[in-house]
Amino acid sequence: MGAAAWLICAFPLAGFVVLLAAGRRLGEPRAGWLATAAMAGSFVSAAAVFAGLMSRDPVDRRFVVTLFEWVPAGDFSVDAGLLVDPLSVTMALFVTGVGALIHLYAIGYMHGDRDFSKFFIYLNLFAFSMLVLVLGDNLALTFLGWEGVGVCSYLLISFWFTEEANATAGKKAFVTNRVGDWGFMLAMFWAFGALGSVRYLDLFGHAGSLSSSTATAIVVLLFVGAAGKSAQLPLYIWLPDAMAGPTPVSALIHAATMVTAGVYLMVRVNPLIAAADAWAPDMIAWVGVATALFAAGAAMAQNDIKKVLAYSTISQLGYMMLAVGTGAYVAAIFHMVTHAFFKALLFLGSGSVIHALDGDQDMRRYGALRAAMPITSITFIVGWLAIAGVPPFAGFWSKDEILAYAFDANPALWLVGLVTAVLTAFYMSRLVFMTFYGEARFGDEQHPHEPSPLMTAPLVALAGAAVVAGVMNLPFTKDLHFLGTWLKPSLFGNEAHLEIGGGVLWLLALVAVVGAAAGIAGAVAVYLRGRLPVSMVERPAAARAFYVDEAVTRFVGGPGRRAFDLVAAFDSKVVDGAVDGVGRSVRAGGTALRRVQSGFVRFYALLTAVGAVALLVWFLSRASL
Amino acid sequence: MDLSGLTTGWYLALAAALFIIGAVGLLVRRNPLVMFMCVELMLNAVNVTFVALGAGLNDVGGQVAVFFVLVVAATEVVIGLALVVAINRRRAGATADDVSMLKG
Amino acid sequence: MAEAVFAVAAVLMLAGAIGVVASRNPVHAALFLVQTLIGVALLFILNDAHFLAAVQVVVYAGAIVILFLFVIMLLGVDKAEELRVEPIFGQRPLAAVVGAALAAVLGTVILTTADVLSGIRQSGGERALDGEATDIERMGRVLFGEFAFAVEITAALLTIAVVGAVVLTRRAARSDGAPAGSGSG
């Protein structure tokens, strides 16, 4: 049972190593099947660990599997250990499950690509890094996985690197994530400085003894890291560009798994958030909800189908951060899991469409694909209803729970979240109507068709999950709170408790449903009936994502660049000057001292005698003491 | 120091005087042969202390040490004089100060 | 009696030593060295180290000083050295200071330690000097027993010294007949 825990990580690592050594020789499609089998094996191991945990007493559902001592450095010791508890196992389950489906899909999607086997090398390495991130029992090991997924993200975004734009997008993701990593590292150092350990269980055990200002600083710095990885304002700018990568990558990394790592990290350190000043979680909630609204607004006016989904992902991640900030950790994880299902589904569906239309991603040249692609369109519509918040699809339940906690914490948060939900319903309906309804706007020479079963099977599986995933945590009675009960040992009682009663909850749910319906109705009016001109809703400012990217570019290119030049000048003048100065002074000292080396052997003998006398005097002074 | 009778201290004082004369001679003389002789003076001063202390301790170890010093002194003279011969072959009448090309 | 012998030996040694340092002619210096070495041999006899005294006279006064004289004659460097000039600036004052400092330090050590050997364990057994054996027998037992390995090493050292001296002074005959530099050794 404990043995299976390391198998979760070992399967993708083995897949990576084998593919690295023999990927080209295996070729297409065996390399893909091998990678998929590794992920499936990992999923089975995760399921075995899950079953093992289930069979235990709830209070015993946490143990550490220490593999070896990774960094032994004086007082600082880091083990390569896996922390197996309900939270990490939940993450491992959906990462491996969704990952395996996307691997399967990628076998079909990457068909004929020159670097078919290389793609799966990266995918397996990504899965390994993600699982290390999730299962690591200390901040340092999580950071290793954190950087690993960052590297894989970079490699996969710029997978088709012969095009300048793709390579630039990869660099942008990498550099932007560095800003977040800076926060993560400082938080790690600070935690070590304050508590002398970076192991989660040590941190949690002593979180109460931290001063609230220290805990706040660590939480805020970790949130900087989380904001980078989970694409929160203002560090979101890399995610829309990250769509340059192949679509399975967008589905796996930039929707389902990697971008949720920040949310996972914040949930993981919930005892630290509990020990922090109250403004820290408030800030997280406000940043989250602001990101949600902002990204939803930007998604309204995108024409690239993957850009819509990218902004949608940012928006949903904002919801999860809102949940973290309001203490609704279960809701955050719940939404993370359902979002993984329906967003992966939507991305894979968009991949099918792009595949069918020879790589065209502009929705203005789509339309009426419902007839040509029945399976894709039906599964896509399931995903659409799930994200729009239509009951009984999965997204409704998780989003409703987040909004309930938000209302309980601060009605203003709830109001922004509700507006975001309406916008979400609207832009997702817009996407569906522009793609699958209306009249065909693609060229006559194109004949869209359903992709191979390799690609439709994951769609169907994910659609099924998107329909039923809500049963994980139904709000009606306590007995139906499966996820909440299950995650309890990982939350140490830091979960917020709803003050509002059943009647208000029903009312809130009703408002949310009405909002979703209003959003869909609005989209019907604009895009199917043509009651309003499209230019009324698709504002140029929204299409440019409210000029945040431009502002960042201008800032970094202007004052930022001057500041960096200043730092570089400091480095070359002061730091290098100090280094050169040491060398120069040694040389000057040598030049002065070489006159002592006169060549006269009698003078050397004299110096030796002086030294001998000095030694004798020293001995004598010690002896008489 | 016990001045009554012929104690070890007298031997040590004599050896110290011999050693200092040899050391100063090594520092002031320029003829390499005489410099070697001064080294021999210093070695003999040490030999005197060995034998005197060995007698005081009732131990033959002091005499054994002198034996080894004798052997080392012999080899030192052999090599040293060979060097003197070799240098003089290059440059007749060279003193220690004339061989000072190796300098900083 | 012993005090008288010590006094005579001390005068011989110190006078000889000063003679070595002060005589301008190296031949004279070598002869003064013999005087000092004989003084040392006297001290050895005074301490019942008869074997060492004999070796001192034979090896030092005999072999080594003769070697010195040979080299002096061989090289013709018996020219008097001008002792009144000192080419290295400050060498003599500094040498005097160092000598005085050495005298001060060593004098302090000898004077302040009441009796350097009081309270130190006296040797016994084979190494004890007051046994029945003669001093040559004692040395022989210790040298070829306890110090056998060191004696072997000494033999190697002597061999190496002889070889080294030959290499250093050899005149390698070149094919063109010109004498090779001594540095080629």
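Per chain, numbering begins at 1; letters A, B, ... match sequence-line order.
- Heavy atoms closer than 4.5 Å to chain C are found in both the backbone and the side chain of Tyr11(B).
- Neither the backbone nor the side chain of Ala9(C) comes within contact range of chain B; no heavy atom of the residue lies under 4.5 Å from a heavy atom of that chain.
- For the set Ala103(C), Ala2(C), Ser23(C), the entry with the most heavy-atom pairs within less than 4.5 Å of chain B is Ser23(C).
- Both the backbone and the side chain of Leu102(C) come within contact range of chain B, each with at least one heavy atom under 4.5 Å from a heavy atom of that chain.
- The candidate with the highest count of non-hydrogen atom pairs below 4.5 Å against chain C, out of Met35(B), Glu76(B), Arg30(B), is Arg30(B).
- Proximity to chain B is absent for every atom of Val166(C), based on heavy atoms less than 4.5 angstrom apart.
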Which is it for Phe19(B) and Leu41(B) under the side chain to side chain contact (heavy atoms under 4.5 Å, CB included) test, yes or no, and what are the steps along the way? CA-CA 7 Å; Phe19(B) 186 87; Leu41(B) 288 181; over 6 Å; no

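- At a 4.5 Å heavy-atom cutoff, the contact between Val142(C) and chain B is made by side-chain atoms alone.
- With Asn25(C) contributing its side chain and Val27(C) its backbone, the two residues share a donor-acceptor pair below 3.5 Å.
- Side-chain atoms of Arg89(B) come within 3.5 Å of backbone N or O of Thr169(C) as a donor-acceptor pair.
- Leu94(C) does not touch chain B: none of its heavy atoms, backbone or side chain, sits under 4.5 Å away.
- For the pairing with Val34(C), the side chain to side chain contact (heavy atoms under 4.5 Å, CB included) check across Val20(C), Leu69(C), Val65(C) returns one residue only, Val65(C).
- Options Leu81(B), Val78(B), Val77(B), Val71(B) differ in how many heavy-atom pairs under 4.5 Å they form with chain C, and the most are formed by Leu81(B).
- Your options are Gly16(C), Gly39(C), Ala30(C), Gly107(C), and the one with the most heavy-atom pairs under 4.5 Å with chain B is Ala30(C).
- Of the listed residues (Ile160(C), Leu143(C), Ile18(C)), the one with the most heavy-atom contacts under 4.5 Å to chain B is Leu143(C).
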Could you please spell out the steps behind the side chain to side chain contact (heavy atoms under 4.5 Å, CB included) verdict for Ile136(C) and Met139(C)? CA-CA 5 Å; Ile136(C) 188 163; Met139(C) 265 194 86; 5.8 Å; no

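- In this structure, Phe68(C) and Phe36(B) have tilted ring planes: the angle between them lies in the 30° to 60° band.
- For the residue pair Ala52(B) and Asn47(C), the shortest heavy atom distance occurs at CA-ND2, 4.3 Å.
- Contacts between Leu106(C) and chain B at a heavy-atom distance below 4.5 Å involve the side chain alone, from C-beta outward.
- Contact check for Leu37(C) versus Val57(C): no side-chain heavy atoms found under the 4.5 Å cut-off.
- No part of Ala96(C) comes within reach of chain B, as not one of its non-hydrogen atoms sits under 4.5 angstrom from that chain.
- Between Thr134(C) and Phe51(C) the shortest side-chain heavy-atom distance does not fall below 4.5 Å.
- With 3.5 Å as the limit, one finds a donor-acceptor pair spanning the side chains of Asn44(B) and Gln56(C).
- In this structure, chain B has a heavy atom under 4.5 Å from the side chain of Tyr60(C), while its backbone stays farther away.
- Between chain C and the residues Val34(B), Val24(B), Leu70(B), the largest count of heavy-atom pairs under 4.5 Å involves Leu70(B).
- When the candidates Ala63(C), Ala49(C), Ala22(C), Gly164(C) are compared by the number of heavy-atom contacts under 4.5 Å with chain B, Ala49(C) comes out ahead.
- For Leu67(C), the parts lying near chain B are the backbone and the side chain together; criterion is any non-hydrogen pair under 4.5 Å.
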